[in-house]
Amino acid sequence: EGWDWEDKWHPAPGAALQPRDDPRRPQGPLLKLPQGHYKPVAALSHGELVAAVVAAYHDPPGEVMWQALCTRAERVAVSLTPAEVLAVVRCVAERQAGQLKLLWKLASIIVEKLAAFTTDDLVCFATVYASLDAVHHGLLNVIVLILADDEDERNITSLQAVELLVAFSRAKYPLPLLIELSKRELTKANEGVGKRPPEVALRGLNALTQMGELDEACLASLLPQALAPLGSTALPNACAACSWVLVASKHLQRLQSNPFAEGVAELKTSHIAASWSQDALAAVTAAARGALALHDPQHLRLVRSGTDKTGPKCLVPACMSVAGTSSPTIVNGAELLAAVELLATAGIAVPDDAAIVNYILEGAVARPGHAEMWPLHLQVRWLALVAQGSTPIASTTAELAPADASKLAPSAAAVSLVQALIAVRPHALLPRAPELLGAVHALAEWKGGLEFTQSLPDAVKLACVITKEAQKSLFRLTLRESHAVVRESLWLSTHLPKKHAATLQPEAVELLSVAAASLPAKFRAENVFHRRGAGGIAAEDVVAWCSLLADAELLAVARTSDGSDIAATEMLDEAWSHALEEALQVVRRGDLDDAASALLASFVTEGSRRGWDVMDEQSPLGCLTLAIQNEWKRAIARDGELEDPYHEPLPIPSDVERRLRELFHELGIAPPESLYNVCGSNVDTTRPML
């Protein structure tokens, strides 16, 4: 059979072969039992099978043996005891090669024997089945229903609630019953039994944020514990909190700007969220500042370990004045970067923070070979961090940072990062192209930075590499990303010194040509793949592209040799024709806003150069003006019907109306009257109808 070659199955010369249906003949691989003899895997009892699976977890066998064990486990699953089911599920889930069919079979056994499992067992099952590629939502629902049942004796603790939240957030399954149950446990008293370790509290905050369920009560309960003990937060915990708050602040800002909030209660909640967002940001920044004050970031070192997601490990030695902390602290690289980003924001006003940031920049990326140790997405974040400061800030505290180190660290970091990014393959850089070109743009405006270092040629080379790759693979970028890449490349070609811009300018012009030619296809692809069900292309994207096509300063670099403007070519004519179609769709959605005035301003600017007649309804300018005029009339029309306000169009914002009036005046067109009667009569519609 190819599985067993033991001598006992080999017949003597002249003897008959053993029959294939002999029950003693082994089927499949043999497993050595603790007693010393071998037994076919297909003949193992459920107890022997579980012992073999546990042994395979500690000492992984070959793939053939593992598949045979899983097949046998699927056949004898109905005979497994609750403890054996738990052991098999844990061992199978830890192995990289998943056994989805086996786990699905065990899920039905779990439901049958649900009463025999403890709360810890149920939390373990939820963690395992939520991490599968195909999430078993049915089992997750059953587990939450059991734990939420008041008549069931199994109640979850706050630690178990955090584990459940982490599992469900990994599965992207925000079950309302679980959210309610977990929040009830997390908002209980923080002292005594309810007190949680800082790591657990931070995991709860992360899980609630990922599911979009973070509220003020949970924040008030978990954040103080995540930063405890106050004033002496451990550096790894403080950096992890910084990584969380960068995401949580955006979440709370979205809650603050919810346009559908109605009533006093909702508005009050919105203001509380805004206050909590600011307080949380300040508390986490203070914790990171205090934790770094107990260490010596000037002697930070990197260790080549970690994953592509977290980056290298950072060794931060403790200050000599801190007793009992001789060994350095190991910090996750991505989390340390988050702490530096927060401190850099405050560093403009706090010189001590600027000194710490510059020391970490020097140790993390400025030293030779350190920038290459970071994964690409973190290199981009480091470069954006370096570029966000207008000038290197020298610390006024002589004890923390000499002025020379503080001044040189950002410039040296920029050089190292740009050189490391040039060595990356171009196809890997393209998804990060908007951020990279934006960082180069910021560096080009950096007073005392890029112009006085040797990184300018490398930065231009990086921009050329990205621009060339974008010409070939512009389809990989979204509509908004492609606009950012085209605009930044044109801006760099216009504002860089001529010696350096000469190499980038041809590539930027070619990219503009490719983008303009493929603009209709790019809009259609955006509508199908990214904006399906969202009501069409985002108005901001249409405004951005129209503004770019009307920007004479940026398009000046694209002049041909005879001096004619590229805007007069047939290619950009087609781009403007399609831009008009998209602009009309935005305007005809109703509710004139900033987008309508911005679109009209772009068409007015381009029309003045091209000679578009606003009175000609066939011209792009006349067509768009007529559409805006119709929507304007619809918004201010009084039809004489007594209807509730919510049945009427929303009023035009005052700043938008003022801008539209300025544009209409520039075009020589009278704006619609404030009281326009659709019937065409001169009746005073301000008088109440009888």
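This is a predicted model, so every value here is computed, not measured.
- Using bins of under 30°, 30° to 60° and over 60° for the plane-to-plane angle, the ring pair W491/H441 lands in the parallel bin.
- For the side-chain hydrogen bond (donor to acceptor under 3.5 Å, both in side chains) test, no residue two or more places apart in sequence or in another chain qualifies with Q379.
- In the displayed structure, I330 atom CD1 is contacted under 6.0 Å by at most 12 heavy atoms of other residues, nucleotides or ligands.
- Using a 4.5 Å heavy-atom threshold, the side chains of L205 and L219 count as touching.
- Note: W374 and W382 have perpendicular aromatic rings, judged against thresholds of 30 and 60 degrees for the angle between ring planes.
- Electrostatic pairing of E163 and R203 counts as a salt bridge here, judged by a charged N lying under 4.0 Å from a carboxylate O.
- Applying the salt bridge (Lys or Arg N to Asp or Glu O under 4.0 Å) test to every pair with at least one member in residues 367-383, sequence neighbours left out, gives these pairs: E341-R381.
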**Request:** Apply side-chain contact (heavy atoms from CB on, under 4.5 Å) to the pair V123 and I143, showing each step before the final yes or no.
**Result:** CA-CA 8 Å; V123 173; I143 291 175; over 6 Å; no
**Message:** side-chain contact (heavy atoms from CB on, under 4.5 Å) for E185 and Q160? Distances and angles first, verdict last.
**Reply:** CA-CA 9 Å; E185 293 297 326; Q160 294 167 340; over 6 Å; no
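- Side-chain contact annotation: D121 with T118, donor-acceptor N/O pair under 3.5 Å present.
- Contact detail for G204 and L222: the closest heavy-atom pair is C-CD1, 4.1 Å.
- Between the side chains of H370 and S416, no donor N or O sits under 3.5 Å from an acceptor N or O.
- The side-chain contact (heavy atoms from CB on, under 4.5 Å) with L436 is formed by just one residue from the set L421, V424, L430; it is L421.
- Within a 6.0 Å radius of CZ in R301, other residues, nucleotides and ligands contribute more than 12 heavy atoms.
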